[in-house]
Enquirer: 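Starting off with a structure, shown below.
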2 protein chains.
Amino acid sequence: MTVGQQGRGPSIWARPQRGTRGPSPEYRLADIAAAAIRLASAGGLAAVSMRAVSAELDTTASTLYRYVASRDELLDLMVDNALAGFVHTPRSGEDWLGELVRLAEATRSLYVSQPWLLDAVPTGSAPGPNTLRWFEHCLQAIAALDRTPLQKMEAVGVLNGVIMLFARSAAAPTAIDFGAMDPARHPLLTSVLTGTAPGLPTADLFERTIRAVLGGLLDDRAG
Amino acid sequence: MTVGQQGRGPSIWARPQRGTRGPSPEYRLADIAAAAIRLASAGGLAAVSMRAVSAELDTTASTLYRYVASRDELLDLMVDNALAGFVHTPRSGEDWLGELVRLAEATRSLYVSQPWLLDAVPTGSAPGPNTLRWFEHCLQAIAALDRTPLQKMEAVGVLNGVIMLFARSAAAPTAIDFGAMDPARHPLLTSVLTGTAPGLPTADLFERTIRAVLGGLLDDRAG
DNA sequence: CCTATATTGCGAACGTCGTTCGCGGTTAGA
DNA sequence: TCTAACCGCGAACGACGTTCGCAATATAGG
């Protein structure tokens, strides 16, 4: 592969195959990604260091650079590997909004089950095949709508952002320190925080938000 | 101050003042935050290392720990210092949705002008006085609405998330490498990407999204 | 006034990190 | 057979966050 030195070519996904010369590689990208995901599931993305991942595979850090040009590329690999677990099948007779809500909830549950994704996705600048498959599913659901491609792309981008937003608030149990709050200066905030238990978001807040956003952006009445 | 060793008390904002014993501190938190913001504006949040910030102030890294318990606390300081530049005054006769849209656009422009905020905010778990002031403004705008405090809090949280989402997409000019895209496998995505210039989001997409979200979550017809 | 105590700035160090370099060994093409 | 490409790996580099201990300094209490 020899990616470490020369490899500032295209992204991992469109990298030329290895030559046939030397010994065959001892590891596969899928195994490397799986080892990294194992560490991330246990200790968050911070636990995914090149040394830790290589140790998980009983090798050394420098060996990893035969397969991956940088840690960010390894994160790209992890993201796409995790998104391989995303499945979505349209149901006959389902309206596009209902299908997208269902797709959004499946996506969110995937983010929630693997919270490190929320930290890894912003880094990634090279969407892998499974990420593209997710986009394709979204576009498929709204294919019949009479909107410009750009509008559809924007809507899907916002959809993804809203999903990550809700997944993030579900993953972080609001360990916020309000030590700076002065009841005199912030009366409304004080009454809200003391009046009711902060708690988790309303159960249907996610679906309502999705419907509000997509309905507002793609519904035929808008424009 | 002696924060580095004993300082695992409350957050920076609710920290006991320094005693009167020793020599008076040579630096102020505001100056430290300003120096860090200067570095972040120039080179992103990655340029804000304890050594770099201390060098900016002509001192050493260990000195910083007299003022700040950790790098994350320094980031909290930076965020609140940047949010000090946020101003918002309600206009008489303005409806709540219009006011929130105006507030949202002011917030977004602040995020866009200082993109490191988007990386620093997720870290911060201790909102400073200026952050609380922002929340207070939001709650003020919807004070007259007949919604439960929890619903209002949720809506403000979603509002903030949407603002950051749009600020992020405006800050990162879509340097995405689509090298993995196979036209056969992803026909819709291919047609969208080749058919139109990716470009920036529609001009009014932000406002329309804000209105869709807040209208859907807080309007009297919903619920 | 004198002394104990608290506080400051700082040099040095520790462990970890991402990444690079060069070596010896291995395989396939010329 | 020889050469060029490829592999795994040990060692190192520079940077990072953070801790520790020391000399200097200023106040509080007697």
Side-chain angles (χ1 to χ4, degrees), chain A residues 1-9 12 15-29 31-32 35-36 39-40 43-78 119-120 123, chain B residues 1-9 12 15-29 31-32 35-36 39-40 43-78 119-120 123:
Chain A
M1 281 200 175
T2 313
V3 134
Q5 283 79 354
Q6 150 227 333
R8 79 194 74 257
I12 321 191
R15 188 121 52 209
Q17 324 291 43
R18 66 178 293 274
T20 56
R21 292 292 181 125
S24 62
E26 292 186 6
Y27 310 93
R28 288 169 307 179
L29 288 181
D31 297 331
I32 296 176
L39 290 173
L45 207 60
V48 181
S49 71
M50 302 302 273
R51 285 175 173 84
V53 173
S54 59
E56 189 83 1
L57 296 167
D58 282 315
T59 179
T60 63
S62 55
T63 301
L64 276 191
Y65 284 89
R66 293 280 178 201
Y67 298 83
V68 150
S70 66
R71 181 174 182 267
D72 278 3
E73 249 190 31
L74 173 60
L75 297 189
D76 286 345
L77 228 58
M78 294 170 63
D119 301 323
T123 304
Chain B
M1 280 204 173
T2 313
V3 134
Q5 282 81 353
Q6 150 226 332
R8 76 194 76 259
I12 321 191
R15 189 119 56 206
Q17 325 290 41
R18 66 177 292 272
T20 56
R21 291 295 177 109
S24 62
E26 292 186 7
Y27 310 92
R28 287 169 308 179
L29 287 181
D31 297 331
I32 296 176
L39 290 173
L45 207 60
V48 180
S49 72
M50 302 301 274
R51 285 174 172 84
V53 173
S54 59
E56 188 83 2
L57 296 166
D58 282 316
T59 178
T60 63
S62 55
T63 301
L64 275 191
Y65 284 89
R66 294 283 177 199
Y67 298 82
V68 151
S70 67
R71 182 175 181 267
D72 278 2
E73 249 189 31
L74 173 60
L75 264 45
D76 286 345
L77 227 58
M78 293 170 63
D119 301 323
T123 303

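Here is how names work: the chains are called A, B, and so on, in the same order as the sequence lines, proteins then strands, and each is numbered from 1.
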Enquirer: Taking the side chain as C-beta and beyond, is there a heavy-atom pair between A:M50 and A:L74 under 4.5 Å?
Expert: yes
Enquirer: Using salt bridge (Lys or Arg N to Asp or Glu O under 4.0 Å) as the criterion, list what pairs up with B:D31, not counting sequence neighbours.
Expert: B:R28
Enquirer: Whole-Å distance between C:dT19 P and A:R71 CZ?
Expert: 8 Å
Enquirer: Let's see if you can work this out: which of D:dG8, C:dT19, D:dG17 has an atom nearest to the side-chain heavy atoms of A:R66?
Expert: D:dG8
Enquirer: Any side-chain N or O of A:Y67 under 4.0 Å from OP1/OP2 of D:dG8?
Expert: yes
Enquirer: Hey, does the side chain of B:T63 come within less than 4.0 Å of C:dC10's phosphate (OP1/OP2), counting only N and O?
Expert: yes
Enquirer: Going by side chain to side chain contact (heavy atoms under 4.5 Å, CB included), name the residues that satisfy it together with B:A120, two or more places apart in sequence or in a different chain.
Expert: B:L45, B:L75, B:V79, B:W116
Enquirer: Polar atom pairs between nucleotides 27-30 of chain C and protein, under 3.5 Å, N or O only, would you list them?
Expert:
{"unit_1": "C:dT27", "atom_1": "O2", "unit_2": "A:R21", "atom_2": "O", "d": "3.0"}
{"unit_1": "C:dA28", "atom_1": "O4'", "unit_2": "A:T20", "atom_2": "O", "d": "3.4"}
{"unit_1": "C:dA28", "atom_1": "O4'", "unit_2": "A:R21", "atom_2": "O", "d": "3.2"}
{"unit_1": "C:dG29", "atom_1": "OP1", "unit_2": "A:T20", "atom_2": "OG1", "d": "3.4"}

Enquirer: With sequence neighbours excluded, what pairs up with B:T20 under the side chain to side chain contact (heavy atoms under 4.5 Å, CB included) test?
Expert: none
Enquirer: Tell me the interatomic distance from B:E26, atom CD, to D:dA24, atom C1', rounded to whole angstroms.
Expert: 11 Å
Enquirer: Could you check which residues of residues 49-60 of chain B get a heavy atom under 4.0 Å from DNA chain C? Sort them by number, please.
Expert: B:R51, B:T59, B:T60
Enquirer: Closest approach to the side chain of B:Y27, judged atom by atom: which nucleotide of D:dT18, D:dC7, C:dC10 is it?
Expert: C:dC10
Enquirer: Without decimals, in angstroms, what is the distance between A:Q17 CD and D:dA5 C1'?
Expert: 16 Å
Enquirer: Who are the side chain to side chain contact (heavy atoms under 4.5 Å, CB included) partners of B:T60, not counting sequence neighbours?
Expert: B:S62, B:T63
Enquirer: Check the distance between C:dC17's P and A:L74's CG and give it to me in whole angstrom.
Expert: 14 Å
Enquirer: Side chain of B:R18: nearest nucleotide among C:dT8, D:dG17, C:dT19?
Expert: C:dT8
Enquirer: What residues, two or more places apart in sequence or in another chain, satisfy side chain to side chain contact (heavy atoms under 4.5 Å, CB included) together with A:A52?
Expert: A:L39, A:S49
Enquirer: Test of understanding: with salt bridge (Lys or Arg N to Asp or Glu O under 4.0 Å), list the residues that count as partners of B:E56, not counting sequence neighbours.
Expert: B:R38
